[in-house]
Amino acid sequence: MNQWKNFTKGFIKENPVFVLLLGMCPTLGTTGTAINGLGMGLATTFVLVMSNLVVSLIKNLIPDKVRIPAFIVVIATFVTIVEMVMQAYLPSLYESLGLFIPLIVVNCIVLGRAEAFASKNTITSSVIDGLGIGFGFAFALTILGSVRELLGSGKLFDIAIYPEDYGMLVFILAPGAFIALGYIIAVINRLNKKNA
Amino acid sequence: MEYIIIIISAILVNNIVLNQFLGVCPFLGVSKKIETAVGMTGAVAFVMVLATIVTFLIQHYILIPFGIGYLQTISFILVIASLVQLVEIVLKKVSPSLYQALGVFLPLITTNCAILGVAILVIQKEFNLMEGVVYAVANAVGFGLALIIFAGLREHTDMQNVPKGLKGVPIALISAGILAMAFMGFSGIV
């Protein structure tokens, strides 16, 4: 039960994007379409789970003073792996996410979980924590991507819902990212208040 | 002329925060007061220019000659992290007054994606060193411009009667969106 709670906390209650407001740059920058948002979310999830796993394995070996640089090296290693695998097998996704893939390394969610959770907990709960927070992040990005894609071009996961001529282009462009996220956070705040 | 195009494009047309979504965390985090926004801008400008120069040299004199370009992400982030530490130590000794103004912001800068982002963009756009430095300075100015305008907006919206559900972060994001729309008006200049 406890591990289940550990897993589900990332979706609504401690959602990294909607509630904790971390990792805003990839959230806004890669959610032009739902697919891109999902891809970015899953890439980050992989890095998060693997770095949580490795950090919790080596937590007793690292001297306290150099722990942050050590964590950064671990994270950067997995980011490089994601970068190379994506370039080889998903070139079109790699192309559209562009700069934001190497920038996973400075995503505060990943370093934050390594420092706040994985360096203090067991291997199993660190991996579950990484999965939960990662899926919460992917979930948030997919929601925002779907809203923007639907309002902007009338499509959802590339399937036409209504004619593209009626779409509001601004939601695909930069301003729409900020505005859509603002309204989604307002809704989530309201939901969280009702549950509490 | 080349430099003027780089400067205008980086500050207004492709503003680093409002158009490219780099450095959004400090943009939302330290924009509650104009003074802190100015301090953060100073620290970012300082580190961004230094980091761009150092990473440019690493890319062209270490990574490319030895054919280890895939180590770009790891080496750049380590260089930026140690550079921030170094700047902190040097500033503390050399200029305590400047350290007092920028000190609190420096640790936050390691995880500011604008720094790493600009360093990588300079390599991707195949600038030479001088163009890279101009690009870094212009982006720092663009970051500062967006941050300071936004801080001013937020100081005002705090005093207004905002609908209850939108108070705080949501209204800040929506005003950032409107600000981004204003910057869209510059597209097509260069």
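Here is the naming used below: chain letters follow the sequence lines, and residue numbers restart at 1 for every chain.
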query: Considering all heavy atoms of both residues, which atom of B/M184 and which atom of A/P175 are nearest to each other, and what is their separation?
result: SD-CG, 3.3 Å
- request: Check the surroundings of atom NZ in B/K92: do more than 12 heavy atoms from other residues, nucleotides or ligands lie under 6.0 Å from it?
  value: no
query: Is it the case that one hydrophobic cluster holds both A/L48 and A/V19, taking links as side-chain heavy atoms less than 4.5 Å apart, direct or via other members?
result: yes
message: Hydrophobic clustering (ILVMFWY, side-chain heavy atoms < 4.5 Å, transitive) - are B/I89 and B/V47 grouped together?
response: no
query: In terms of hydrophobic clustering (I, L, V, M, F, W, Y; side-chain heavy atoms under 4.5 Å; direct or indirect links), are A/M84 and A/I101 co-clustered?
result: yes
Which atoms of B/M181 approach chain A - backbone, side chain, both or neither, heavy atom under 4.5 Å: both
- line: chain B shares the most heavy-atom pairs under 4.5 Å, among A/A76, A/C25, A/P26, with A/C25
message: Heavy-atom count check: over 12 atoms from other residues, nucleotides or ligands less than 6.0 Å from B/N128 CG?
response: yes
- line: Bottom line for A/A177: the part with an atom under 4.5 Å from chain B's heavy atoms is side chain
query: Checking A/T77 against chain B: side chain, backbone, both or neither under 4.5 Å from a heavy atom?
result: both
- prompt: Roughly how far apart are B/F21 CZ and A/T31 OG1, rounded to 0.5 Å?
  reply: 7.0 Å
- request: Please report the closest heavy-atom contact between A/A186 and B/L166, naming both atoms and the distance.
  value: CB-CD2, 3.7 Å
task: Please flag which part of A/V187 lies under 4.5 Å from any non-hydrogen atom of chain B: side chain, backbone, both or neither.
output: neither
query: Where does A/L173 contact chain B at under 4.5 Å (heavy atoms): side chain, backbone, both or neither?
result: side chain
- request: Against chain B, label A/L22 side chain, backbone, both or neither, depending on which of its atoms sit under 4.5 Å from a heavy atom there.
  value: neither
statement: Highest number of heavy-atom pairs under 4.5 Å with chain B among A/I68, A/V106, A/T27 belongs to A/V106
- line: Checked A/I185, A/L28, A/I179 vs chain B; the most non-hydrogen pairs under 4.5 Å come from A/L28
query: Relative to chain A, which segment of B/Q72 carries a heavy atom at a distance below 4.5 Å: side chain, backbone, both, or neither?
result: neither
query: Should A/F157 and A/L141 be regarded as members of a common hydrophobic cluster, given that ILVMFWY residues are connected when their side-chain heavy atoms come within less than 4.5 Å of each other, either directly or indirectly?
result: yes
message: So, taking the atom named CG in A/L21 and the one named CG in B/L173, what distance separates them when rounded to the nearest 0.5 Å?
response: 7.5 Å
- prompt: Going only through I, L, V, M, F, W and Y residues with side-chain contacts under 4.5 Å, is there a path from B/Y61 to B/I64?
  reply: no
field: Passing candidate, side-chain contact (heavy atoms from CB on, under 4.5 Å) with A/F178, options B/I178, B/L179, B/L18, B/I174
entry: B/L18
message: Under 4.5 Å from any heavy atom of chain B, what part of A/L111 do you find: side chain, backbone, both or neither?
response: side chain
message: I need the A/F100 CZ to B/I120 CD1 distance, nearest 0.5 Å.
response: 11.0 Å
message: For a 4.5 angstrom cut-off between non-hydrogen side-chain atoms, does B/I77 reach A/V79?
response: no
query: With a cut-off of 6.0 Å (strictly less than), are more than 12 heavy atoms of other residues, nucleotides or ligands near OH of A/Y183?
result: no
- request: Using a cut-off of 6.0 Å, state whether more than 12 heavy atoms not belonging to B/E126 lie near its atom CD.
  value: no
query: What residues form a side chain to side chain donor-acceptor pair (under 3.5 Å) with A/E115, not counting sequence neighbours?
result: A/R67
field: Engaged part of B/L78 at the chain A interface, taking heavy atoms whose separation is under 4.5 Å
entry: side chain
- prompt: By a 4.5 Å heavy-atom criterion (distance strictly below it), what part of B/L28 contacts chain A: side chain, backbone, both, or neither?
  reply: side chain
- prompt: Given side chains that start at C-beta, do those of A/N189 and B/V169 come closer than 4.5 Å, heavy atoms only?
  reply: no
query: Can you name the residues that form a salt bridge (charged side-chain N to carboxylate O under 4.0 Å, His left out) with A/R148, not counting sequence neighbours?
result: none
